[in-house]
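A quick note: this is a predicted structure, and the numbers were derived from the prediction, not measured. Index from 1, following the sequence.
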Amino acid sequence: MHEFFPLIAVGAVLGVLTVIFVIAYLTIRRQKEAIGFDRYMKDSEITRRLLAYAKPYWKNFAFVLCLMLFSVSYDIVSPILMGHIVDIIAEDFAMSYLLRMVLIYAGILLMSLLCSYVQAIVLQRTGQRIISEIRSDLFAHIQSLSHNQLNSMPVGKLVTRVTNDTGAISMMFTNLIVNLIKNIFVILGVLIAMLALNYQLTLMVLCFVPFIVLFTVIFRKFSRRAYRRVKDGTTDINTFLSEHLSGMKIIRSFGREARCQADFAERNRALGKAKTGEMMVFSVFRPLVYMLYVSSVLCLLYLAGRGYIREVTFLGQTVTSSILVTFYSYINKFYNPIQNLAEQFNWLQSAFASAEKIFTIFDMQPEITDAPDAIELDEVRGDIEFRDVWFAYKDEDWVLRGVSFTVKAGETVAFVGATGSGKTTILSLLCRNWDIQRGQILVDGHDIRDVKVASLRRHFGQMLQDVFLFSGTIRSNIVLDAEGIDDDAVMQACRYVNADRFISRLPDGLDEAVRDRGTNFSAGQRQLLSFARTIVHKPSVMILDEATANIDTETEVLIQDSLERMMSIGTMLMVAHRLSTIRHADQIIVLSHGEIIESGSHEALLARGGRYAELHRMQFAREQLTAGV
């Protein structure tokens, strides 16, 4: 019995480790239930959805699997060849036979290396195509989300999903999937070869397999949680950077640099802590797998050595030197896939954690969708009608209450009222950025919910107070990649809205570079470019949301002249901060707390002496005071 004491000692150590890790596993499960973790996707569901992207490239993967068989054959045949070489050297040495074995071994090795090279090239190309498709689909899905859904998610979070998270799952398609299959083939092939060679020693090796499976399952839970924390920390930092870099002027204006730095440092420490936790998980898992490998090798050497030196059998079979060398190689081949998986486990869990977050975005159903029988509007005259429209952004906190009005094609209608009265909401509902709870909104007699969203919005031109310009040139910001718009049409639109006056003074004209968000242009210049962008796309209905707010007096004159010209193009709806810009409107609608309290022309409302006349007197008095009169 004492002869087997070393084996018993190894078993005892593994038993103690098993008890420790099972207790840790049960503890983390109780903590998970106590703090109420959300239920995450199962690995099987994530794998199924990822493989759906790989399905169109099944021929590429099948070709790679065929190449992989040569690599697997090397892993299975090479230990047998090594055993034969040992027999030749130890027993009946023959140089010609030895050279033949060496050449066969070298040939198999070279073929395996060549196949591995071609396999890597095919996988990299295929994997990058798949990742590009995922990234494109994700961006397209984000574009389909409603304003409400986009407002609920920080920009930095969405950027992380499209860039970092898609990049993290790239390794799954370029390496992990095929290697996982290869490892399974290697393990099965090695087991079959070992059973055929010496099934007793094979049984000894298999005694370690349950521990490998158990430890892998336990550490899978720890690593998954560690990677979620790393991903959350990365998203938090990206969101913080996106917001605070965009708002750096405000931070500097209020002298909040130190506080901003402290907030960033706190998030940075949290990410560093998560990274440390991740490393701690794998610093235990990797050595543990290696310990199992070393333990199995030691058991092999102990049992085989006893049988070889003392000329005794193990479970009825004699262990020779060739069997010892072959089994030593086979154990290495057997544990290599497991060790590779341990080394790549971080990529696997990173891919699953990232895929989980990506599919969470995919699972968000767009709130604004086309009806099954939605129609296409090829042409819009510009007749608009609101019928008893009720709308609330949340629950029944009504922003609009039974709003009804009619706009005839070609008319200019202005909306005025205090902040929060519902002016901007009306314009946003018309473009179907939100869906109303009650009533109807009609365009040319069609309920906008019966019209395809893209078709509806194509006929609207929106000019907002906060003009957004993209990095590029003036031309690219006006054209927006639309086809069939040449430079003559662009310049004609610029002249129509008086934007040509400052563009002609620029060194590069239409090719003048536009920096991020157009910061190298004044607010008035950005607004004029917005007007030109709208005009060049020839909308049927133009929407202006306080387009003249925060504009200097000189630029206001240019914008006022542009507005008067644009009023003759088609239907125009506008929210005006300065009442002087709407005096020529065909109809002025006065709103208060989501209800229409007055409507009529500028002269008629002044003569009525109601809320509009009061607003007009207040603004006139303020302008006189500002002018120093």
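- Pairs passing the ring pair (Phe, Tyr, Trp, His ring centres under 6.0 Å) check and including a residue from residues 440-467, sequence neighbours excluded, do not occur.
- How far CD of Glu512 is from CG of Asn477: 12.0 Å, rounded to the nearest 0.5 Å.
- Using a cut-off of 4.0 Å between Lys/Arg side-chain N and Asp/Glu carboxylate O, Arg475 and Asp487 are scored as salt-bridged.
- A salt bridge links Glu376 with Lys452: the distance from a Lys NZ or Arg NE/NH1/NH2 to an Asp or Glu carboxylate oxygen falls below 4.0 Å.
- Put simply, the side chain of His537 never gets that close to the backbone of Gly461: no donor and acceptor are under 3.5 Å apart.
- For the atom pair OG (Ser476) and CG (Leu469), the distance works out to 9.5 Å, reported to the nearest 0.5 Å.
- Considering only heavy atoms from C-beta on, Thr534 stays 4.5 Å or farther from Val497 through its side chain.
- When all heavy atoms of Gly382 and Val541 are compared, the closest pair comes out as CA-CG2, 4.0 Å.
- Closest approach of Leu544 to Leu427, counting heavy atoms only: O-CD1, 3.8 Å.
- Thr425 places a side-chain heavy atom less than 4.5 Å from the side chain of Leu400.
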- prompt: For Ser170 and Gln128, what are the C-alpha separation, side-chain angles and deciding distance, and is it a side chain to side chain donor-acceptor pair (under 3.5 Å)?
  reply: CA-CA 7 Å; Ser170 173; Gln128 291 308 316; 3.3 Å; yes

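- Under a 3.5 Å cut-off, the side chain of Thr406 and the backbone N or O of Glu385 do not form any donor-acceptor pair.
- In this structure, the side chain of Arg457 engages the main chain of Cys431 through a donor-acceptor pair within 3.5 Å.
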- request: Please test Leu529 against Phe502 for side chain to side chain contact (heavy atoms under 4.5 Å, CB included), starting from the C-alpha separation and ending with a verdict.
  value: CA-CA 10 Å; Leu529 291 178; Phe502 79 88; 3.8 Å; yes

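- Here Gln462 contributes atom CD and Asp545 contributes atom CG; the two are 9.0 Å apart, rounded to the nearest 0.5 Å.
- The aromatic rings of Tyr393 and Trp434 stand perpendicular to each other, their planes meeting at an angle above 60°, with 30° marking the opposite boundary.
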message: Checking Ile368 against Asp435 for the side chain to side chain contact (heavy atoms under 4.5 Å, CB included) test, could you report, in this order, the C-alpha distance in whole Å, the side-chain angles of both residues, the deciding distance, and whether it holds?
response: CA-CA 7 Å; Ile368 308 297; Asp435 269 339; 3.4 Å; yes

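- Taking the six-membered ring for Trp and thresholds of 30 and 60 degrees, Phe264 and Phe240 have ring planes inclined between 30 and 60 degrees apart.
- Arg135 pairs by the salt bridge (Lys or Arg N to Asp or Glu O under 4.0 Å) definition with nothing, not counting sequence neighbours.
- Remark: the backbone N or O of Thr424 is not paired with any side-chain donor or acceptor of Ser428 at under 3.5 angstrom.
- Between Val479 and Val490, the shortest heavy-atom contact is CG2-CG2, 3.7 Å.
- For the pairing with Thr166, the side chain to side chain contact (heavy atoms under 4.5 Å, CB included) check across Asp137, Thr160, Ile358, Ile130 returns one residue only, Ile358.
- More than 12 heavy atoms of other residues, nucleotides or ligands shown are found within 6.0 angstrom of CD on Gln143.
- Classification of Arg617 and Glu614 as a salt-bridged pair fails, no side-chain N sitting under 4.0 Å from a carboxylate O.
- Considering every non-hydrogen atom in both Glu356 and Thr360, the closest pair reads O-OG1, 2.7 Å.
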field: Derivation of the salt bridge (charged side-chain N to carboxylate O under 4.0 Å, His left out) call for Arg229 and Asp236
entry: CA-CA 10 Å; Arg229 289 177 175 175; Asp236 195 21; over 6 Å; no

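- What you find for Ile588 and Ile582 is that their closest heavy atoms are CD1-O, 3.8 Å.
- No donor-acceptor distance shorter than 3.5 angstrom exists from the side chain of Ser530 to the backbone of Arg526, with no hydrogens or angles considered.
- Side chains of His616 and Leu605 form no contact here, defined as non-hydrogen atoms less than 4.5 Å apart.
- Gln149 places a side-chain N or O within 3.5 Å of a backbone atom of Glu367 that can act as its donor or acceptor partner.
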- prompt: Trp390 and Ile436: side chain to side chain contact (heavy atoms under 4.5 Å, CB included), yes or no, with the steps?
  reply: CA-CA 6 Å; Trp390 289 70; Ile436 61 177; over 6 Å; no

task: List the steps, then state whether side chain to side chain contact (heavy atoms under 4.5 Å, CB included) holds for Leu510 with Thr473.
output: CA-CA 7 Å; Leu510 291 176; Thr473 64; over 6 Å; no

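- Aromatic pair Phe386/Phe391: ring centres not closer than 6.0 Å.
- A tilted orientation is assigned to the rings of Phe362 and Phe359, their planes being inclined by 30° to 60°.
- Of the charged side-chain nitrogens involved, none lies within less than 4.0 Å of a carboxylate oxygen, so that Glu133 and Arg129 do not count as a salt-bridged pair.
- Rounding to the nearest 0.5 Å places CD1 of Ile589 at 11.5 Å from CD of Glu598.
- Within the 3.5 Å criterion, the main-chain N or O of Glu257 finds no donor-acceptor partner in the side chain of Gln261.
- Here the closest non-hydrogen pair linking Asp444 and Val380 is OD2-CA, 3.2 Å.
- Checked by atom type and distance alone, the side chain of Asp388 never pairs as donor or acceptor with a backbone atom of Gly439 at under 3.5 Å.
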query: Step by step, would you call Thr571 with Arg381 a side chain to side chain donor-acceptor pair (under 3.5 Å)?
result: CA-CA 8 Å; Thr571 305; Arg381 297 188 307 275; over 6 Å; no

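- Of the possible donor and acceptor atoms, none in the side chain of Lys423 sits under 3.5 Å from a partner among the backbone N and O of Leu591.
- Tested against Lys357 for a salt bridge (Lys or Arg N to Asp or Glu O under 4.0 Å), the candidates Asp232, Asp363, Asp165 yield a single pass: Asp232.
- In this structure a side-chain-to-backbone donor-acceptor pair under 3.5 Å is missing from Arg583 to Glu603.
- Note: Arg401 CZ to Arg438 CZ = 10.0 Å, rounded to the nearest 0.5 Å.
- To the nearest 0.5 Å, atoms CZ (Arg495) and CD1 (Ile503) are separated by 10.5 Å.
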